[in-house]
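Scroll down for the structure; my scribbles are underneath it.
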Amino acid sequence: MSAIPKPDMPVVELKAKDLPAYCPNPNMPIWSSHPRVFIDVTHGEAACPYCGTRYRLAEGEVVRGH
């Protein structure tokens, strides 16, 4: 299950070294926390099912060994 991407939500661009991706991410304020969920960005862009924050792999990044 994934959230419907909301165009007004921020996009977090990740590098391969940042994987595995999860939300809430370390830059989010503690007051907005929700249960940690892992986000699969290996196929483009994915959204957090709780808050709708969008995550994507930066252009040119390659995921290996997963």
Side-chain angles (χ1 to χ4, degrees):
M1 177 170 115
S2 65
I4 297 171
K6 300 174 189 173
D8 59 333
M9 292 305 293
V11 175
V12 178
E13 201 165 81
L14 302 167
K15 297 190 180 288
K17 69 178 179 72
D18 299 325
L19 299 179
Y22 57 87
C23 192
N25 66 58
N27 296 327
M28 292 180 160
I30 193 77
W31 62 263
S32 67
S33 289
H34 55 67
R36 180 180 282 190
V37 291
F38 288 90
I39 310 292
D40 182 9
V41 295
T42 57
H43 300 290
E45 187 175 294
C48 172
Y50 286 101
C51 67
T53 300
R54 297 178 298 155
Y55 293 83
R56 82 171 73 136
L57 199 58
E59 190 173 329
E61 289 293 311
V62 178
V63 179
R64 294 190 173 100
H66 293 274

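Index from 1, following the sequence.
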Subject >> Side-chain heavy atoms of Tyr50 within contact of Pro35, under 4.5 Å >> reply: yes
Original post:
So, do Ser33 and Met28 sit near enough that their side-chain heavy atoms are less than 4.5 Å apart?
Top reply: no
Original post:
Between Val37 and Pro49, which heavy-atom pair has the shortest distance, and what is it?
Top reply: CG2-CD, 4.0 Å
Original post:
When rounded to the nearest 0.5 angstrom, what is the spacing between OG1 in Thr53 and CG in Asn25?
Top reply: 7.0 Å
For residues 11-22, run the donor-acceptor check on the side chains, cut-off 3.5 Å, and write out each pair with its distance to 0.1 Å, sequence neighbours left out.
unit_1: Asp18; atom_1: OD2; unit_2: Lys15; atom_2: N; d: 2.9

Subject >> Under the side chain to side chain contact (heavy atoms under 4.5 Å, CB included) test, residues paired with Pro29 that sit two or more places apart >> reply: Trp31, Ser32
Original post:
Going from CG on Asp40 to CD on Glu45, what distance comes out if it is rounded to the nearest 0.5 angstrom?
Top reply: 12.5 Å
